[in-house]
There are 2 protein chains.
Amino acid sequence: MKKDLRIIKTKESLRHALISLLKTKSIETISIAELCRLAQINRGTFYLHYKDVHEVFKEYLDVIVEDLRKSYEEPYYKTNYKIKDITADMIKIFHHVKKYQDFYQIIFDERIPMMYYYLLFDTVRTFMRDSIEEGLLAAQHELKVDYLISYQTNAILGILIEWHRQEYKTSITELNKQLFMIISIHDPFRMQ
Amino acid sequence: MKKDLRIIKTKESLRHALISLLKTKSIETISIAELCRLAQINRGTFYLHYKDVHEVFKEYLDVIVEDLRKSYEEPYYKTNYKIKDITADMIKIFHHVKKYQDFYQIIFDERIPMMYYYLLFDTVRTFMRDSIEEGLLAAQHELKVDYLISYQTNAILGILIEWHRQEYKTSITELNKQLFMIISIHDPFRMQ
DNA sequence: ACTTTTAATGAACACATGTTCAATAAGTTT
DNA sequence: AAACTTATTGAACATGTGTTCATTAAAAGT
């Protein structure tokens with residue numbers, strides 16, 4: 001039950017064409033017709049697999065999200081301090097975003113649909129859930145964890161938005177220092 | 001140097017037509033041609049004022065952002081506790097979002113461009129800047145405030161995202177209670 | 001009221017969108 | 001290798017997009 005080679009070929013052609021076009025123009029200005037011409041794919045074939053140009057990009061993005069997930073899994077220099085654990089986890093995200101800066105510049109662009117942001121949000125959110133649940137959950141039984149986790153997750157994404165707005169000029173070391181200071185002020189896990 | 005009445009009439013017709021169409025279909029599926037037909041405006045005239053359907057919506061949204069700004073200004077029952085001040089400020093935002101729920105449902109939709117999110121982000125961010133700067137700024141001179149403020153702002157928007165995902169079923173009272181608990185855990189301004 | 005300014009119109013244009021359908025060719029099974 | 005399955009193709013169609021331009025008409029200035 002393997003995938004038909006023709007489908008793979010078609011999708012690859014479209015992905016290559018998109019990457020090529022993205023070097024010179026923004027994703028919003030790329031038409032389906034233009035993409036298909038470059039990929040040498042019939043426009044009708046396009047609609048057999050995708051609804052719009054964004055879906056081609058999104059499929060490519062899945063690879064990047066996978067890298068984010070992987071980079072998060074791999075161990076870092078962990079200490080005994082909870083806060084340091086968190087910043088150590090987040091520094092991995094910063095490294096990842098820097099690595100794929102070209103793509104995150106697109107994801108955070110104001111013309112781009114929220115869907116990419118939510119993709120990132122959901123990915124980071126699963127990390128955040130794993131980080132939090134252990135110590136905190138049991139203590140406050142009136143707390144709806146979903147709100148806490150979304151609060152925490154989006155706070156981190158707020159740093160990424162600010163980073164993006166400052167055109168990624170802040171170094172990762174500096175960014176991590178800032179995050180450490182912010183979390184130190186807030187001291188999220190001092191209860192433990 | 002007043003605005004030409006014809007322009008006002010054209011823009012009003014388009015706004016009314018958009019509001020009418022939004023009742024039955026999503027903004028993404030509304031074409032310029034369809035909007036102009038309903039508004040009885042020549043399509044060419046549309047392009048004299050707007051680039052796409054979103055710009056019509058965005059102009060309407062400015063009214064809502066203005067309401068957000070106003071509702072934030074008006075005094076609430078303030079106490080001496082900093083945390084309570086913050087949650088009192090934020091409850092105003094919750095009320096505002098609930099009031100314009102129909103619009104925030106569009107703003108947080110995954111197919112909608114980030115631009116609306118940023119509009120909200122920037123508005124809340126100015127509130128946040130005003131709330132924070134007083135006590136905190138001077139103490140930590142190595143802290144880049146921009147990152148702190150974006151972190152704080154987006155954390156709040158994280159709650160709104162979660163609220164949206166839970167289809168605004170959580171009551172404002174409950175939401176405020178959650179926020180109070182979250183901030184109590186983090187205790188952002190215990191230094192003061 | 002008359003003149004000036006400028007917004008709105010309709011027609012036309014090349015190109016993009018989204019869909020259909022029979023014909024073809026490429027891949028998979030046997 | 002032959003028989004099958006199905007992805008791709010090209011053509012066609014109605015509609016949408018973004019722009020232009022001369023004409024019309026409405027508002028503003030005098």
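So that the names make sense, note that chain A is the first sequence line, chain B the second, and so on, each numbered from 1. Reckoned from all heavy atoms, side chains included, excluding hydrogens, waters and symmetry mates.
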Chemist: Answer yes if the side chains of Tyr147(B) and Thr170(A) hold a donor-acceptor pair under 3.5 Å, and no otherwise.
Modeler: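 Yes, because at least one side-chain N or O of Tyr147(B) sits under 3.5 Å from a partner of the opposite role on Thr170(A).
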
Chemist: Can you pull out every salt bridge (Lys or Arg N to Asp or Glu O under 4.0 Å) where at least one residue sits in residues 51-68 of chain A? Sequence neighbours excluded, please.
Modeler: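 Sorted result for residues 51-68 of chain A: Lys11(A)-Glu59(A), Glu66(A)-Arg69(A), Asp67(A)-Lys99(A).
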
Chemist: Under a 4.0 Å N-O cut-off, is there an ion pair linking Glu162(A) with Arg125(B)?
Modeler: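 Looking at Glu162(A) and Arg125(B), the cut-off is met.
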
Chemist: Got a minute to check which stems DNA chain C is part of, using Watson-Crick or G-U wobble pairs under 3.5 Å, three or more consecutive?
Modeler: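 Listed by first number, the stems are C:3-26 with D:5-28, C:28-30 with D:1-3.
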
Chemist: In terms of ring plane angle, is the pair His54(B) and Tyr116(B) parallel, tilted or perpendicular, where the classes change at 30° and 60°?
Modeler: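 Correct class here is tilted.
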
Chemist: Give me the residues of residues 30-39 of chain B where at least one heavy atom lies under 4.0 Å from an atom of DNA chain D, by number, or none.
Modeler: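 Nucleic-acid contacts, sorted: Ser31(B), Ile32(B), Ala33(B), Arg37(B).
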
Chemist: When the side chains of residues 107-114 of chain A are checked against the rest of the protein, which donor-acceptor pairs come out under 3.5 Å, sequence neighbours left out?
Modeler:
unit_1, atom_1, unit_2, atom_2, d
Asp109(A), OD1, Arg111(A), N, 2.7
Asp109(A), OD1, Arg111(A), NE, 3.0
Asp109(A), OD2, Arg111(A), NH2, 3.0

Chemist: Angle between ring planes, Trp163(A) versus Phe94(A), binned at 30° and 60°: parallel, tilted or perpendicular?
Modeler: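 Judged by the thresholds at 30° and 60°, the geometry between Trp163(A) and Phe94(A) is perpendicular.
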
Chemist: In B/S/- notation, 5' to 3', how is nucleotides 7-12 of chain D contacted by protein heavy atoms closer than 4.0 Å?
Modeler: BBBB--

Chemist: Where do Leu38(A) and His16(A) land on the side chain to side chain contact (heavy atoms under 4.5 Å, CB included) test, with the steps shown first?
Modeler: CA-CA 9 Å; Leu38(A) 188 63; His16(A) 284 138; over 6 Å; no

Chemist: For the OG atom of Ser150(A) and the CD atom of Gln178(B), what is their distance to the nearest 0.5 Å?
Modeler: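 One gets 11.5 Å once the value is rounded to the nearest 0.5 Å.
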
Chemist: List in chain and number order the residues that pass ring-ring contact (aromatic ring centres under 6.0 Å, His included) with His96(B), two or more places apart in sequence or in another chain; answer none if no residue qualifies.
Modeler: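 For His96(B) the ring-ring contact (aromatic ring centres under 6.0 Å, His included) partners, ignoring immediate neighbours, are Tyr100(B), Tyr104(B).
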
Chemist: When you check the gap from the basic side-chain N to the acidic O, do Lys9(B) and Asp4(B) get nearer than 4.0 Å?
Modeler: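 Salt bridge: no.
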
Chemist: Taking only side-chain nitrogens and oxygens of Tyr47(B), does any of them come within less than 4.0 Å of OP1 or OP2 of dT19(D)?
Modeler: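 False: Tyr47(B) side-chain N/O out of range (4.0 Å or more) of dT19(D) OP1/OP2.
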
Chemist: Atom OH of Tyr50(B) to atom P of dA8(C): distance rounded to whole Å?
Modeler: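 Checked: the OH to P distance equals 10 Å.
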
